[in-house]
Amino acid sequence: MALGDLMTSRFSQLSLAVSNHVIDGNVSSGGYHEDDVAYADLMSQRRDLDAVSTSSYANAVTSTATVPTTMAYLPQTVVLCELRHAAFEASTPTGPSDSGLVSKWRPKDRMKTGCVALVLCLNISVDPPDVIKISPCPRMECWTDPFSMAPQKALETIGKNLRDQYERWQPKARSKVELDPTVDEVKKLCNTCRRYAKSERVLFHYNGHGVPKPTANGEIWLFNKSYTQYIPLPISDLDSWLKTPSIYVFDCSAAGMVVNAFIELLDCGTSNYPGSSRDCILLAACEAHETLPQSSEFPADVFTSCLTTPIKMALRWFCTRSLLHESLDSSLIDKIPGRQNDRKTLLGELNWIFTAVTDTIAWNVLPHDLFRRLFRQDLLVASLFRNFLLAERIMRSANCSPISYPMLPPTHQHHMWDAWDMAAEICLSQLPSLVEDPNAEFQPSSFFTEQLIAFEVWLDHGSEHKKPPEQLPIVLQVLLSQCHRFRALVLLGRFLDMGPWAVDLALSVGIFPYVLKLLQTTTPELRQILVFIWTKILALDKSCQVDLVKDGGHVYFIRFLNSAEAYPEQRAMAAFVLAVIVDGHRRGQEACIEAGLIQVCLKQLHGFTQNEAQTEPLLLQWLCLCLGKLWEDFTEAQTIGLQADVPGICAPLLSEPQPEVRASAVYALATLLDVGFDSFRDGIGGDEECDDVEKNRAEMIIIKSLLNVVSDGSPLVRAEVAVALAHFAFGHKQHLKSIAAAYWKPQPNSLLNSLPSLANLKGTGSGNIVSSQIGPLTAMVRDGRVSTSSPLATAGIMHGSPLSDDSSQLSDSGILNDGVSNGEVNHSRPKPLDNAMYSQCVLAMFTLARDPSPRVASLGRRVLSIIGIEQVTKSVKPAGNSAWPSDPANSSSTPSISGLARSSSWLDINGGHMPLTFRTPPVSPPRQNYLAGIRRVCSLDFRPHLMNSPDSGLADPLLGSTSGSERSLLPQSTIYNFSCGHFSKSLLTASDDSEELLAKREEQERFALEHIAKCQHSSVSKLNNNSQIASWDAKFETGTRTALLQPFSPIVIAADENERIRVWNYEEATLLNGFDNHDFPEKGISKLCLLNELDDSLLLVASSDGNIRIWKDYTLRGKQKHVTAFSSIQGHKPGVRSLNAVVDWQQQSGYLYASGEISSIMLWDLDKEQLVNSIPSSSDCSVSALASSQVHAGQFAAGFVDGSVRLYDIRTPDMLVRTTRPHTQQVARVVGIGFQPGLDQGKIVSASQAGDIQFLDIRSQRDTELTIDAHRGSLTALAVHRHAPIIASGSAKQLIKVFSLKGEQLGTIRYQHTFMAQKIGSVSCLTFHPYQVLLAAGAADACVSIYADDNSHTR
């Protein structure tokens, strides 16, 4: 049982493999083992260092004393490498399938052989003319000697025996025997059988030992009434009487003749039953040219004996060939004790082993669809074919080849027969003692134990690309035995965990009915492994939900989910199984509600929200998804959910650290919003009366909760919010339209002032153009297309979170209420929710439509289309773009989305005058139906599948169409399908590529440590004009704005103001890639950062508006992929035109710090993809420079516009450590800031625009330690090396100066190192290589130059 223990321990520690996250953000599960000792040491050292460094800022020595200095420089945190980052933008997940490939394993339709027709033509004592018998010849028929009694009695005895032999295999089938019959009797027999069997299979068994061989035309012989003549019966007649489905057994010499004729008949297609496909199976004793064996060691009907009494036949044949034949009396074989179906007896054990062996041979030799047809569809057919394999083995030893249709490959030499021989020998050796003493104990064979060991060996070394394990059918047989069952299930679980291909193999071999039956057992130790196995099956094939509900299997999983002693990861699997059972399956939903599933899930969620203890995130995720699926489109369940206060229970989950949990909670809440559908479905005639105050209150709570996560850091969560808002918008269409219309309506009001891009419209009389009745629509005709624009969508308002203080003032401002009370869309009934709520929803929809993630943005635009805001947009890509691949979110046929804000260039071209043409409505339109009648623009981008309809450009199919198709147009949630992917991956073993990743990381760490040591200990010699090793004209129209050097390859990444990113190899001087960060019209770059630089690095691109987009594979041309995107700055000051975001990334802590024209510094945890803190900047001015310590996690410094510098540490209670004002000569903004190299805390370098560079030590009382006047009044850039004692500063006056930390100037760079030695442009950015003395400088003339220290780089 050692293996079982191992597996149990493996299951109990599933958290190692199953858990999506490791808490604290120190190590993500992206491919590192927790048991990796080196890393654990490294981590503990990191933590010791952090603990020490937090303790005191006054004490300078402690932090360096305890830990080797190099350790602090290599952060262990790895972020954004989960399943969700691999494919969120790229593809839509599919979830478990219920059709296609996966359900091939199901037998098309289970069949039964309902009738058996036995025809015996023996004519005992008269030999047929064409057979010459030798002496001694075989005489036994059905183990009876026909010459031992009167011929007629012998005939009847043989007929009865044959019937008994067949009934053992199919007791419920009706058997009819015809002895030495005429053609008419056979015809009558066949018709009777077909009539009785109806659509079931009929078996026709023909023994022709007393008649001539079949003819070349395929006729078999019968008798005339007086037995004076043999009468031929054509096979075509037989076929026409028996029809289909049927199975024929021909036991006679030259039986192959019949088979050949039958195949010809099938090929000709002369079907007696048009329309139905032929399902005919034939088994024949020998080939067309062969006669039956003449050796007396066999019975005369050796073929029939093999087919109907296989154990007796196999043992008799084996006995004569084994070493036992001298000691064992063959007559004992007839006395084997026990029953065939009792596996605890000798006969039962032999039968069981025989079944396992023949099944295994068939499974390994036959194509899988043929195996399923012959061995899994019909019990009697399966038994006959197993026994047919034995017949082939025995009869081939007598030079006779049984044949079948469909034809089987030869199996008589398969090595599994050796295993059968050995098991048979062991059993037979016990036979004499068992026969002598009926009370003797029977010792079971070791066959199954040995086969399980073989299977386990395969599991240790096999894989998808190797030959599948041949023991799979045996494992299936072992499930029948209680003593081996647990171990077999554990091994089966390990096999299924290898991937969907393994699940498909196991289902093909026929595992399904066995594991379904096991759900009726109550054995506690089987519960965990059964739940695991069902998880694997349902992750592949959802169609099993029907069988589970039919057999009451759902109750097993609900009980397991409710059991306190099960591990949370295993309960998560049970929740997954239940979610699949109820997914789109009404019977399943009803059954699970009856069994109390809602209460079980809510009890666990409620327990979690009450206890602060950490709950397994996977369990929370699947409880939410299970609930969501349970009440999806099922009003009764939704009502139960609302009565149980689901909104109150799920809302706290929206702030969980795992994005998957947050997204699942959004999904669970969103499916409850469907309650609104019935009451608000009628889009044209206004809403139905909604009396239910409770329902409205619940909707209000849900929407409030969802609005809190509109600006969540994970696109997975925001996508779910967008889908939820789409459902909500559909239910509340009219109210939202009126609010959106009010926002749209141009007003001489404070709202307009806060929208700078529309400021130049004031005073052009725009208010007069619009008649008060057409408030909802401000249409603009451009390029012959009609489109609508909304001031709400413009830059000023869009970045505030809908619930931030600044924007919520808008929602309550007079404009809203005014717009609605103006009566543009009048409603006789009160609104379900209040206006403030609706306006916050509209704001949220606009926020989503401008989301930095392409998928979320397209969902957001679909939501806006539901409330009547649609736009045909033109692409606003910079010129010269055509050579580069476009954003993956836009397909080539649809217009590219340039955002919902009007492009400012468009306004400039038109000089601020709007060339608007309006469609005016008829005079005093009927108000109630007015909105429904208007034809509006429907952007092709929203519904690509409408492309072919004639007026897809104008008509809005969401209006006036039937509710069913309207529903189908709504965007669908993807979190469920996405989450299912987790269970189709391997849960018990780490992925194979983790070792490669570890090796790569170790190599890069070694490189880093070597170079850090070199940087720290080598003295830096001059850096000057002659130090340039590479120069690259990046061909940016607006000049280089920011650059970045890759640590482990000679690559520089640069970006310009238009957010065009180019990647260049400076050793080979080749351009590797170039792409646009996004397609929205507002451009502006803030910074480039590398994430996970010691692993597979990701490129973080921060835009000036605070939007963060993270890319992987960015060095491969055209292959770059979005990993994630979010808006890092929220709640900015009103009236601010540009955010001028500043950000910095700290790998140690996994934190991104972001600020700008706001009064706080946002702290994002990229492992959780969540805003974890908003630190007040304690200043009226905005932050102009940010730097995080690369050694001390949680420590960062900020430089402000007024020249002040503040050091923060998020580990201290009040976060702000110290404020200084180093730049005193003249107050100018801090342009650059950075921590000095080394482990010292609080040593900072700060440079101001005025040109002075200050060296600060926060712990000393003096403000500055050292001042360098580097550039007078024109300093534009500062770079501080991470490890070497060197800094560089650049100026607008085309000059770069390099200093040591002691303030001495190490060099000046004025010229490009080219043939003409032209001057460098105005310096826009400087950056050092992290581990080498390499300086990259970007200039306003789009050149990027790289300079190397003489020591570190030989050119």
Side-chain angles (χ1 to χ4, degrees), residues 19-25 28 79-80 82 84 568 572 601-602 604-625 627-628 645-673 698 700-725 800-805 808 840 844 847-848 851 856 973 975 979 1124 1126-1131 1149-1152 1154 1160 1162-1175 1210:
S19 170
N20 258 354
H21 294 266
V22 178
I23 310 304
D24 290 345
S28 154
V79 295
L80 303 180
E82 302 287 347
R84 63 178 180 274
C601 291
L602 288 180
Q604 303 211 12
L605 284 177
H606 193 63
F608 156 73
T609 47
Q610 296 309 307
N611 308 336
E612 290 307 306
Q614 179 61 40
T615 304
E616 170 60 39
L618 196 66
L619 175 58
L620 293 179
Q621 179 183 345
W622 278 102
L623 287 170
C624 290
L625 290 170
L627 284 171
D645 185 33
V646 167
I649 294 172
C650 286
L653 297 174
L654 297 176
S655 53
E656 273 297 285
Q658 293 78 19
E660 292 89 347
V661 176
R662 301 199 296 273
S664 306
V666 170
Y667 172 71
L669 290 169
T671 42
L672 276 184
L673 279 179
M700 183 91 158
I701 295 170
I702 291 172
I703 285 297
K704 266 191 178 150
S705 306
L706 295 184
L707 290 180
N708 282 327
V709 282
V710 165
S711 303
D712 191 274
S714 169
L716 197 66
V717 180
R718 299 195 303 276
E720 291 305 309
V721 175
V723 171
L725 283 177
S801 133
L803 286 184
S804 66
D805 300 338
S808 55
Q840 285 173 2
T847 305
L848 290 166
D851 196 274
V856 178
S973 161
I975 179 66
S979 302
T1124 186
F1126 62 97
S1127 173
S1128 67
I1129 293 182
Q1130 295 163 9
S1149 56
Y1151 289 153
L1152 180 80
S1160 55
M1162 303 278 181
L1163 171 60
W1164 292 87
D1165 183 328
L1166 287 200
D1167 187 49
K1168 301 172 179 170
E1169 295 183 64
Q1170 200 172 27
L1171 179 64
V1172 286
N1173 216 326
S1174 176
I1175 304 162
I1210 60 167

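Please read these numbers as outputs of a predicted model, since none were measured by experiment.
Counting all heavy atoms, side chain and backbone alike, Leu725 lies closest to Ala844 at CD1-CB, 4.0 Å. Closest of all the heavy-atom pairs between Leu706 and Ala724 is CD1-CB, 3.5 Å. Nearest heavy-atom pair, Val666 versus Val721, reported as atom, atom and distance to 0.1 Å: CG1-N, 3.7 Å. Smallest separation of non-hydrogen atoms from Gly628 and Thr671: CA-OG1, 3.4 Å. For the pair Ala665 and Leu653, the tightest heavy-atom approach, listed with the atom from each and the gap, is CB-CB, 3.7 Å. Taking each heavy atom of Gln1170 and Pro657 in turn, the nearest pair found is OE1-CA, 3.5 Å.
Every residue meeting the side-chain contact (heavy atoms from CB on, under 4.5 Å) condition with Asp645, not counting sequence neighbours, appears here in chain and number order: Pro647. Residues satisfying the side-chain hydrogen bond (donor to acceptor under 3.5 Å, both in side chains) test with Gln604, not counting sequence neighbours, are Arg571. In this structure, the side-chain hydrogen bond (donor to acceptor under 3.5 Å, both in side chains) partners of Ser979, at least two apart in sequence or on a different chain, are Gln621. Scored by the ring pair (Phe, Tyr, Trp, His ring centres under 6.0 Å) test, Tyr667 finds no partners at all (sequence neighbours excluded). With sequence neighbours excluded, the residues that form a side-chain contact (heavy atoms from CB on, under 4.5 Å) with Ala572 are Leu618, Leu619. Every side-chain contact (heavy atoms from CB on, under 4.5 Å) that Ser705 has, sequence neighbours left out, goes to Ala651, Leu654, Leu669, Ile701.
In this structure, the separation between CD on Glu660 and SG on Cys624 is 12.5 Å, given to the nearest 0.5 Å. Taking CG of Asn1173 as the reference point, atom CD1 of Ile1210 lies at 7.0 Å (rounded to 0.5 Å). Considering CD1 of Ile702 and CG of Leu707, their distance stands at 12.0 Å, rounded to 0.5 Å. For the atom pair OG (Ser711) and CG (Leu1171), the distance works out to 9.5 Å, reported to the nearest 0.5 Å. Distance check: Ser1160 OG to Ile1129 CD1 gives 9.0 Å after rounding to the nearest 0.5 Å.
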Derivation and outcome, side chain to side chain contact (heavy atoms under 4.5 Å, CB included), residues Thr1124 and Leu716: CA-CA 9 Å; Thr1124 186; Leu716 197 66; over 6 Å; no
Tyr1151 vs Asp1165, side chain to side chain contact (heavy atoms under 4.5 Å, CB included): CA-CA, chis, key distance, verdict: CA-CA 5 Å; Tyr1151 289 153; Asp1165 183 328; 3.7 Å; yes
For Leu1166 and Phe1126, run side chain to side chain contact (heavy atoms under 4.5 Å, CB included): C-alpha distance rounded to whole Å, both residues' side-chain angles, the deciding distance at 0.1 Å, then the answer. CA-CA 10 Å; Leu1166 287 200; Phe1126 62 97; 3.7 Å; yes
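Arg718 pairs in a side chain to side chain contact (heavy atoms under 4.5 Å, CB included) with only one of the listed residues (Val723, Asp712, Thr847), which is Asp712.
Checked by atom type and distance alone, the side chain of Trp1164 pairs as donor or acceptor with a backbone atom of Ser1128 at under 3.5 Å. Side-chain atoms of Glu720 never come within 3.5 Å of backbone atoms of Ser664 as a donor-acceptor pair (strictly under, hydrogens ignored).
Residues Leu627 and Val646 are not in side-chain contact: their nearest non-hydrogen atoms beyond the backbone lie 4.5 Å or more apart.
With salt bridges taken as basic N to acidic carboxylate O contacts below 4.0 Å, none links Arg662 and Glu1169.
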